[in-house]
Amino acid sequence: MTTSFHSRPLVLMAMAVALLSACSSAVRVPAPVEDRTGMGRSSSSTQATPAAELAKPMPGSENAGKPGYYTVQRGDTLTRIGLDNGQGARDLARWNNLTNPDVIEVGQVLRVAPPGGAVETAGVVVRPIAPAANSSANATPAKIESAPASTGAANDEGLGFIWPASGSLIAGFDEVKNKGLDISGKAGDPVSAAADGQVVYAGSGLRGYGNLIILKHNNTFLTAYAHNQALLVKEDQKVRKGQKIAEMGKSDSDRVKLHFEVRRQGKPVDPAKLLPAR
């Protein structure tokens, strides 16, 4: 009896120690991460997804570096790319099957020359030659292309550019600081089309230009009219030389003026060399 009475506490203590030991070892077992986060073993596959996306080629990448194509850079807009390549933004959207022209990606390669049209390579404009029915038909285009313009500058392809505003010249062409001419005037003064053409842009989406109109005259020349207070024409509208297309203003400018650019194959050229003396 005495031995049993004294041994019972020892048995109870041993049981308690065993129970605490079991509890403490259960606490040390970590809870599985995948049960609480939903990641589990799939975490390795989710980490691989961004790498796969980065390896995915950008649209049009197979054409990178080819004549007539352009690789989108940071800060580009379709309007800017069009202006720098002598094309309208809507044409670029159509040629590249862009469902949303406002969304382009850095690294994306865009066609900037008409399909089957003129392409500029190393400063030389290459145009496809259509087959002619007879030799006389072949001779006619050659004479037209090589003949000097009868009005305006001799190298404006016969467009006969006129001054788009009557104010005085306040800043001339500078390839570094000024890509065109700045012409003074009063708010509301008429701004006229420098030659026959079609409106390929009318809006205020190009930083630094304010309310802007861009006209396409042929496959070589664009003209741009910036800082207007009112735009009087719409995109795709055809205009005639001398037609009032805007009213002078100071949108995105520190003073009332017209900033006028001429682009030859997208490259800014000195408008003064294409305009008549005055």
Side-chain angles (χ1 to χ4, degrees), residues 60 63-73 75-98 101 104 108-129 141 144-145 149 152-162 164 173-176 178-181 193-203 205-209 212-226 233 235-239 241 245 259-275:
N63 296 313
K66 294 181 182 179
Y69 290 88
Y70 172 79
T71 301
V72 177
Q73 308 296 316
D76 277 343
T77 65
L78 208 61
T79 300
R80 168 70 71 178
I81 295 170
L83 182 62
D84 289 343
N85 289 276
Q87 308 294 346
R90 287 193 177 188
D91 287 336
L92 296 185
R94 186 173 67 255
W95 298 339
N96 292 280
N97 297 316
L98 300 179
I104 53 176
Q108 183 176 356
V109 179
L110 300 175
R111 173 183 283 278
V112 293
V119 176
E120 186 176 13
T121 307
V124 178
V125 179
V126 181
R127 292 183 175 86
I129 300 176
I144 293 174
E145 192 170 20
N155 58 349
D156 66 359
E157 298 191 356
L159 292 171
F161 286 118
I162 62 172
F173 176 80
D174 182 333
E175 291 185 1
V176 178
N178 193 10
K179 296 180 180 180
L181 304 178
D196 294 351
Q198 184 173 8
V199 181
V200 294
Y201 182 77
L206 200 58
R207 183 176 297 179
Y209 286 81
L212 171 69
I213 291 174
I214 301 175
L215 301 182
K216 184 172 184 176
H217 303 287
N218 54 25
N219 287 333
T220 303
F221 285 103
L222 293 179
T223 53
Y225 310 76
V233 292
E235 291 182 9
D236 294 331
Q237 181 177 337
K238 292 183 178 181
V239 298
K241 177 166 59 178
I245 58 175
H259 176 74
F260 174 66
E261 294 184 11
V262 176
R263 300 283 184 120
R264 185 199 302 268
Q265 296 289 344
K267 181 181 179 181
V269 295
D270 187 355
K273 295 180 179 180
L274 302 174
L275 295 169

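Hydrogens, waters and symmetry mates are skipped; everything else that's a heavy atom, side chains included, is used.
Side-chain atoms of Asn96 do not come within 3.5 Å of backbone N or O of Ala93 as any donor-acceptor pair. Between the Asn178 side chain and the Gly180 main chain, a donor and an acceptor come within less than 3.5 Å of each other. Within the 3.5 Å criterion, the main-chain N or O of Phe221 finds a donor-acceptor partner in the side chain of Asn218.
Lys66 contributes atom NZ, which lies 9.5 Å from atom CZ of Arg111 (distance to the nearest 0.5 angstrom). Between atom CD1 of residue Ile214 and atom CG of residue Leu222 there is a gap of 7.0 Å, rounded to the nearest 0.5 Å. Note: Arg90 CZ to Gln198 CD = 9.5 Å, rounded to the nearest 0.5 Å. Annotation: the span from Leu274 atom CG to Glu157 atom CD amounts to 10.0 Å, rounded to 0.5 Å. Separating the CG atom in Leu206 from the OH atom in Tyr201 is a distance of 6.5 Å, to the nearest 0.5 Å.
Shown here for Asp91 and Arg94, the closest heavy-atom pair between the two residues is OD1-NH2, 2.9 Å. Residues Ala193 and Val239 approach most closely at CB-CG2, 4.0 Å, considering heavy atoms. Between Trp95 and Gln87, the shortest heavy-atom contact is CH2-OE1, 3.3 Å. Residue Tyr225 comes nearest to Ala194 through the heavy atom pair OH-N, 2.9 Å, listed as atom of the first residue, atom of the second, then distance.
For the side chain to side chain contact (heavy atoms under 4.5 Å, CB included) with Leu92, the qualifying choice from Ile81, Leu110, Asn85 is Ile81, the only one to do so. Of the listed residues (Leu275, Asp156, Val269, Leu181), just one forms a side chain to side chain contact (heavy atoms under 4.5 Å, CB included) with Val262, and that residue is Val269.
Partners of Gln237 by side-chain hydrogen bond (donor to acceptor under 3.5 Å, both in side chains), not counting sequence neighbours: none found. Judged as a salt bridge (charged side-chain N to carboxylate O under 4.0 Å, His left out), and not counting sequence neighbours, Asp174 has no contacts. For the side-chain hydrogen bond (donor to acceptor under 3.5 Å, both in side chains) test, residues two or more places apart in sequence or in another chain that qualify with Asp196 are Arg240.
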### Query
Does the pair Thr71 and Tyr69 meet the rule for a side chain to side chain donor-acceptor pair (under 3.5 Å), with working shown?
CA-CA 7 Å; Thr71 301; Tyr69 290 88; over 6 Å; no
### Task
Could you walk me through whether Glu261 and Tyr209 pass side chain to side chain donor-acceptor pair (under 3.5 Å), step by step?
CA-CA 11 Å; Glu261 294 184 11; Tyr209 286 81; 2.8 Å; yes
### Message
Show, in sequence, the C-alpha distance, side-chain angles and deciding distance for His217 and Phe161, and conclude whether the ring-ring contact (aromatic ring centres under 6.0 Å, His included) test is met.
### Response
CA-CA 10 Å; His217 303 287; Phe161 286 118; 5.5 Å; yes
### Query
Between Leu98 and Gln108, does a side chain to side chain contact (heavy atoms under 4.5 Å, CB included) hold up when you go through it step by step?
CA-CA 12 Å; Leu98 300 179; Gln108 183 176 356; 3.7 Å; yes
### Query
Do Val200 and Leu215 pass the side chain to side chain contact (heavy atoms under 4.5 Å, CB included) test, and can you show the C-alpha distance, the side-chain angles, and the key distance before you say yes or no?
CA-CA 6 Å; Val200 294; Leu215 301 182; over 6 Å; no
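Salt bridge present: Arg263 and Asp84 bring a charged side-chain N and a carboxylate O closer than 4.0 Å.
The shortest side-chain heavy-atom distance between Val109 and Tyr70 does not fall under the 4.5 Å cut-off.
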